[in-house]
Amino acid sequence: MAGLLTLRDFEGPVITVQCKPCGQQGELDRRALVKQFGASMRFVDLRRRMAMGCDKMHCSDGQDRCGTQFPCLLEAGVAVELQKPT
């Protein structure tokens, strides 16, 4: 599960991050993140940090509607994308 993955689990030099609803995307230096947060930083926690200030993170109904994700995890095959029920 992607939430349990840590920076240690991803070996690439660049971590891609994007939020489709907000139209934001970028690249983060993995080494700098490890230096700042430690190799045991979980991607679920990194996602929360990246989404700080996002209006969709904590909606009035208590649901997390933020679309922040890490495409690099899918590309590396270390995570699977969960499909939302239709």
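Residue numbers count from 1 along this sequence. None of the values given here were measured: they were computed from a predicted structure.
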Heavy-atom closest contact ([X] atom, [Y] atom, distance):
X	Y	value
R30	R8	NH2-CA, 3.9 Å
A76	F10	CB-CE1, 3.9 Å
S40	T6	O-CG2, 3.6 Å
L7	G38	CD1-O, 3.6 Å

For the [atom1] atom of [X] and the [atom2] atom of [Y], what is their distance to the nearest 0.5 Å?
X	Y	atom1	atom2	value
C19	Q25	SG	CD	11.0 Å
L73	D9	CG	CG	9.0 Å
C72	E11	SG	CD	12.5 Å
T16	E27	OG1	CD	7.0 Å

Subject >> Under the side chain to side chain donor-acceptor pair (under 3.5 Å) test, residues paired with D29 that sit two or more places apart >> reply: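 Once residues adjacent in sequence are excluded, D29 has no partner under the side chain to side chain donor-acceptor pair (under 3.5 Å) criterion.
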Are any non-hydrogen side-chain atoms of [X] and [Y] less than 4.5 angstrom apart?
X	Y	result
R49	M41	yes
L46	F37	yes
V14	L28	no

**OP:** Can you sort out the partners of E75 under side-chain contact (heavy atoms from CB on, under 4.5 Å), two or more places apart, ordered by chain and number?
**Re:**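 side-chain contact (heavy atoms from CB on, under 4.5 Å) list for E75, sorted by chain: P71.
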Original post:
Is there a donor-acceptor pair under 3.5 Å between the side chain of T68 and the backbone N or O of R47?
Top reply: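 Side chain of T68 to backbone of R47: no pair is present.
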Subject >> Test ring-ring contact (aromatic ring centres under 6.0 Å, His included) applied to F70 - qualifying residues, sequence neighbours left out >> reply: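 Testing F70 for ring-ring contact (aromatic ring centres under 6.0 Å, His included), a comparison that skips the adjacent residues, returns F43.
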